[in-house]
**Q** 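I have a structure I would like to understand better, so I am pasting it below and will then ask my questions one at a time.
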Amino acid sequence: MSSFLIVLDTVLLVILLVFGGVWAWNKIQAKSLGGELTNEEFKEGMRKAQIIDLREKEPFKRKHIDGARSLPYTMLKYQYNELRSDLPVYLYSDSNTITLRAARFLKKKGFVSVYWLKGGFETWDGRTKKSKY
């Protein structure tokens, strides 16, 4: 019985280390990209930016930031060329990991001004809209 508890403790420790590592990696990546915006900063610049919702189509249809365009992360590598690289890009989704991956991808493709909403869509306190389609 005691060997079972040791194995269980080890597995739990490994799981905690993995989650902690992912969290730390995201923090480091966010700092190196430097484009995290608060709600207020996002609102201030959004009129001059391309607002991209990285979530899939269904969550976008239910509710999204007013003025946002749906470009699911799964389609980004196929459709990023539809974005203007000379304008700021404001990203958001439900996952910080996906948002940071999208930001890194766009930076590699030559986009200079790539920003994202701190905390993702669930922290958004501005105007929202439901899709008509």
Side-chain angles (χ1 to χ4, degrees):
M1 187 70 163
S2 65
S3 64
F4 173 75
L5 291 176
I6 292 171
V7 170
L8 184 61
D9 285 345
T10 305
V11 169
L12 290 174
L13 180 60
V14 168
I15 290 171
L16 285 173
L17 288 173
V18 168
F19 279 114
V22 169
W23 177 83
W25 176 253
N26 282 339
K27 286 291 186 187
I28 291 166
Q29 289 298 305
K31 290 264 190 225
S32 70
L33 289 170
E36 188 173 69
L37 300 175
T38 65
N39 267 289
E40 293 309 313
E41 293 167 331
F42 199 95
K43 289 174 198 171
E44 286 172 17
M46 64 191 291
R47 292 207 185 280
K48 296 178 183 175
Q50 304 165 90
I51 306 167
I52 307 301
D53 186 323
L54 296 166
R55 301 174 301 155
E56 293 298 321
K57 295 282 184 191
E58 286 307 312
F60 179 83
K61 286 180 186 179
R62 283 192 297 274
K63 189 176 182 183
H64 58 270
I65 293 175
D66 194 17
R69 171 183 174 187
S70 177
L71 180 54
Y73 176 73
T74 55
M75 298 303 296
L76 185 64
K77 68 180 177 182
Y78 306 109
Q79 295 179 309
Y80 76 91
N81 56 353
E82 296 174 9
L83 301 174
R84 291 181 51 181
S85 60
D86 61 325
L87 292 176
V89 178
Y90 281 20
L91 304 171
Y92 72 91
S93 74
D94 291 331
S95 165
N96 195 41
T97 302
I98 286 176
T99 305
L100 290 174
R101 283 181 186 168
R104 277 193 305 272
F105 174 80
L106 291 174
K107 290 275 191 176
K108 285 180 184 175
K109 294 299 182 181
F111 288 77
V112 179
S113 300
V114 181
Y115 305 93
W116 58 92
L117 180 60
K118 180 180 181 176
F121 182 63
E122 74 177 40
T123 66
W124 179 246
D125 65 2
R127 290 180 45 184
T128 59
K129 186 175 180 181
K130 294 179 182 177
S131 290
K132 295 177 182 173
Y133 55 93

**Q** Quick one: CD1 on Ile51 to CG on Leu117, what's the gap to the nearest 0.5 Å?
**A** 10.0 Å

**Q** Go through the steps for Arg104 and Arg101 under the test side-chain contact (heavy atoms from CB on, under 4.5 Å), then give the verdict.
**A** CA-CA 5 Å; Arg104 277 193 305 272; Arg101 283 181 186 168; 3.4 Å; yes

**Q** When rounded to the nearest 0.5 angstrom, what is the spacing between OG1 in Thr99 and CH2 in Trp116?
**A** 9.0 Å

**Q** To the nearest 0.5 Å, how far apart are CD1 in Ile98 and OH in Tyr92?
**A** 13.5 Å

**Q** Please check if the side chain of Thr123 supplies one atom and the backbone of Lys118 the other of a donor-acceptor pair under 3.5 Å.
**A** yes

**Q** Find the distance between CG (Asp86) and OG (Ser113) and round it off to the nearest 0.5 Å.
**A** 9.5 Å

**Q** Is any side-chain heavy atom of Arg55 less than 4.5 Å from a side-chain heavy atom of His64?
**A** yes

**Q** Do the side chain of Lys107 and the main chain of Val112 share a donor and acceptor less than 3.5 angstrom apart?
**A** yes

**Q** Identify the heavy atoms of Asp125 and Lys43 that sit nearest to each other, and give their distance.
**A** OD1-NZ, 2.7 Å

**Q** Please list, chain by chain and in numerical order, all residues satisfying ring-ring contact (aromatic ring centres under 6.0 Å, His included) with Phe42, sequence neighbours excluded.
**A** Tyr90, Trp124

**Q** Hey, any chance Ile15 and Val7 share a hydrophobic cluster, counting ILVMFWY side chains that come within less than 4.5 Å of each other, even indirectly?
**A** yes

**Q** Counting C-beta onward and ignoring hydrogens, is there a side-chain heavy-atom pair between Asp53 and Phe121 closer than 4.5 Å?
**A** no

**Q** If I take atom CD from residue Glu36 and atom CG from residue Leu100, how far apart are they, to the nearest 0.5 angstrom?
**A** 8.0 Å

**Q** Nearest 0.5 Å, what's the NZ-NZ distance between Lys61 and Lys130?
**A** 14.5 Å

**Q** With a 4.5 Å limit on heavy-atom distance, are the side chains of Leu71 and Leu76 in contact?
**A** yes

**Q** Side chains of Leu83 and Arg69: closer than 4.5 Å at any heavy-atom pair?
**A** yes

**Q** Do the side chains of Thr74 and Glu56 get nearer than 4.5 Å, heavy atoms only?
**A** yes

**Q** Under 6.0 Å from the CD atom of Glu82, do we count more than 12 heavy atoms belonging to anything else shown?
**A** yes

**Q** Taking all non-hydrogen atoms of both residues into account, name the closest pair between Leu54 and Ser93 and its distance.
**A** CB-CB, 3.8 Å

**Q** When you compare the side chain of Met46 with that of Asp66, does any pair of heavy atoms fall below 4.5 Å?
**A** no

**Q** Let me know which of Tyr78, Phe111, Tyr80 forms a ring-ring contact (aromatic ring centres under 6.0 Å, His included) with Phe105.
**A** Tyr80

**Q** For the residue pair Leu91 and Val89, what are the closest heavy atoms and their distance?
**A** CD2-CG1, 3.6 Å

